[in-house]
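Reminder, nothing fancy here: chain letters follow the sequence lines and each chain counts from 1.
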Amino acid sequence: MDTSRLTRIDETSWQIEPSGAMRVPGIIYGDETLIRAMDDKVAEQTANVASLPGIVKGAYVMPDAHWGYGFPIGGVAAFDPNEGGVVSAGGVGFDVSCGVRTLLTGLTVPEVRRVQERLADALMSSIPAGVGSHSGITLQGREMDAMLRGGAAWAVEKGWGGAEDLARIEERGRMEGADPDCVSERAKKRQRREMGTLGSGNHYLEVQAVETLYDPDTAAVLGLAEGDVVVTIHCGSRGLGHQIGTEFLRDMLPAAAEAGIHLPDRELACAPIHSPIGERYLGAMRSAINCALANRQILGEFAREVFARFFPDHPLDLLYDVSHNTCKVETHTVDGRPRRLFVHRKGATRAFGPAHADLPEALRGVGQPVLIGGSMGTGSHILVGTGAGDKAFSSACHGAGRAMSRRAALKRWRGRQVVDELAERGILIRSPSMRGVAEEAPGAYKDVDQVVIAAERAGLARRVAHLRPLICVKG
DNA sequence: ATGTAC
């Protein structure tokens, strides 16, 4: 990105001054290296988002951002329904409520090392992974609708996990306002056999070691100690969310024109929040959020079943579950006035600070866990929200972000070679797709450490722990 | 991300 077009606010905050149709500034967080490495298209897309009706304060961009469909991935934008604000399917993304959950095992690295190969094989055979994978669970009719209304709470009622899990999931495991009647039959049909499946691409289940603690006191509250083993799952709403995204991106284009909204880019298709299609999208998108929450709940239970075979005395406790592709109604104080806003986070994690009423009591002293997935080789990070200044409506980054296209990665690496190199470093990869592994080679990703350091310096969240992968089941 | 094109 050409930094000469930006105003540098401080070490890690850069501003695109409003010009042309922009209603608010664009704010990009990141150190100079990250900003320079970003495509100019990120700045262009940010300026486009800043021109949408009803946008409040600014169009925000996280340090791991790259250009996406309409909105940048790593973008945050909030809209006020009372000022003509819009909702945009492109502002949420195709994989609605894609997210990350981390479970504590109470095990230490040597205990897991002893069974690492067998554990990897067992996870691989119990966690459905890859394009079009199936778990054996089928849902249709009223049961599908119950899942779409109930999310992880539905999954718990059906026997996947316990009620204590729900407090540790955003929205307490169940997104209000979901309306399965707004979800097309085609979207439901695609999901019929996909509950409890990981999917493909950058989705994974990892067994990880807590390698470094940046804040041992906060880590202790989260239940993390150096040398502990945790399980992290990254996946979303599978075919259902994708179908909803596809349909509403298509249908919001004429709707925007009818509402008299000028779109600088047709990929920014959106509709007024209080319009028939805006409300239908919200009903469908919230159903997809529940689908993703239920999916991660079921996958977490599959992991519990596998671990119970190896370690019957070590139940897995849910640390937290975050979604990073959502539009949620939240109250934020803007210019001294609390306002009810529709906050779009696309490739961005909610990062509420300490004392926030939506956090479970056990976490209110430290802030919301922010779970950041890295690559297979470099590991992941756990941060907590600070709430300080309510920056970017209390949001933070979501991952490392690709540094190289899938195509370029395929030309550079062979999947088998990536698996062998990681095995030498004690990281066992299991995947149905060696092509997928090559595409996901650690070298194809940005340096996640640099991303989270930038997020911390920008005051979006603060680092608590770095996790190193031991086993990765890759979709 | 995605029954990797309807």
Just list the side-chain donor-acceptor pairs under 3.5 Å for residues 122-132 of chain A, sequence neighbours left out, or say none.
| from | atom 1 | to | atom 2 | distance (Å) |
| --- | --- | --- | --- | --- |
| A/S125 | OG | A/D121 | O | 3.4 |
| A/S125 | OG | A/A122 | O | 3.1 |
| A/S126 | OG | A/A122 | O | 3.2 |
| A/S126 | OG | A/R309 | NH2 | 3.2 |

Next on the checklist: Under 4.0 Å, heavy atoms only, any strand: does A/G199 hit a base, just the sugar-phosphate, or nothing?
Outcome noted: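 Here A/G199 touches the backbone only, sparing every base.
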
Pairs of donor and acceptor atoms involving the side chains of residues 266-286 of chain A, under 3.5 Å and at least two apart or interchain, shall be tabulated with distances.
| from | atom 1 | to | atom 2 | distance (Å) |
| --- | --- | --- | --- | --- |
| A/E267 | OE1 | A/G70 | N | 2.8 |
| A/S275 | OG | A/P272 | O | 2.6 |
| A/S275 | OG | A/G278 | N | 3.0 |

Could you state the atom-to-atom distance from [atom1] of [X] to [atom2] of [N] in whole Å?
X: A/R238; N: B/dT2; atom1: CZ; atom2: P; result: 5 Å
X: A/R406; N: B/dT2; atom1: CZ; atom2: C1'; result: 11 Å
X: A/F94; N: B/dT2; atom1: CZ; atom2: C1'; result: 9 Å
X: A/E439; N: B/dT2; atom1: CD; atom2: P; result: 12 Å

Item to check | Contact summary for A/A400 and A/G374, nearest pair of heavy atoms | outcome: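 In this case the closest contact between A/A400 and A/G374 is CB-CA, 4.4 Å.
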
Item to check | Side-chain N or O of A/R190 closer than 4.0 Å to phosphate OP1/OP2 of B/dT2 | outcome: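 Answer no for this pair, as no side-chain N or O of A/R190 is under 4.0 Å from OP1 or OP2.
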
Next on the checklist: Going by the rule salt bridge (Lys or Arg N to Asp or Glu O under 4.0 Å), which residues pair with A/R435 if we only count those two or more places apart in sequence or in a different chain?
Outcome noted: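 Salt bridge (Lys or Arg N to Asp or Glu O under 4.0 Å) list for A/R435, sorted by chain: A/E439.
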
Checklist entry - Which residues pass the salt bridge (Lys or Arg N to Asp or Glu O under 4.0 Å) test with A/E258, sequence neighbours left out? => result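 Salt bridge (Lys or Arg N to Asp or Glu O under 4.0 Å) check on A/E258 returns nothing, list empty.
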
Distances under 3.5 Å only, N/O to N/O: pair up the protein atoms with those of nucleotides 4-6 of chain B.
none

Would you list the atom pairs, donor with acceptor, under 3.5 Å between side chains in residues 461-475 of chain A and any protein atom, with sequence neighbours excluded?
| from | atom 1 | to | atom 2 | distance (Å) |
| --- | --- | --- | --- | --- |
| A/R462 | NH1 | A/D215 | OD2 | 2.6 |
| A/R462 | NH2 | A/D215 | OD2 | 3.4 |
| A/R462 | NH2 | A/T218 | OG1 | 3.0 |
| A/R463 | NE | A/E456 | OE1 | 3.3 |
| A/R463 | NH2 | A/E456 | OE1 | 3.3 |
| A/H466 | NE2 | A/T378 | O | 3.0 |
| A/R468 | NH2 | A/R425 | O | 2.8 |
| A/K474 | NZ | A/E440 | OE1 | 3.3 |

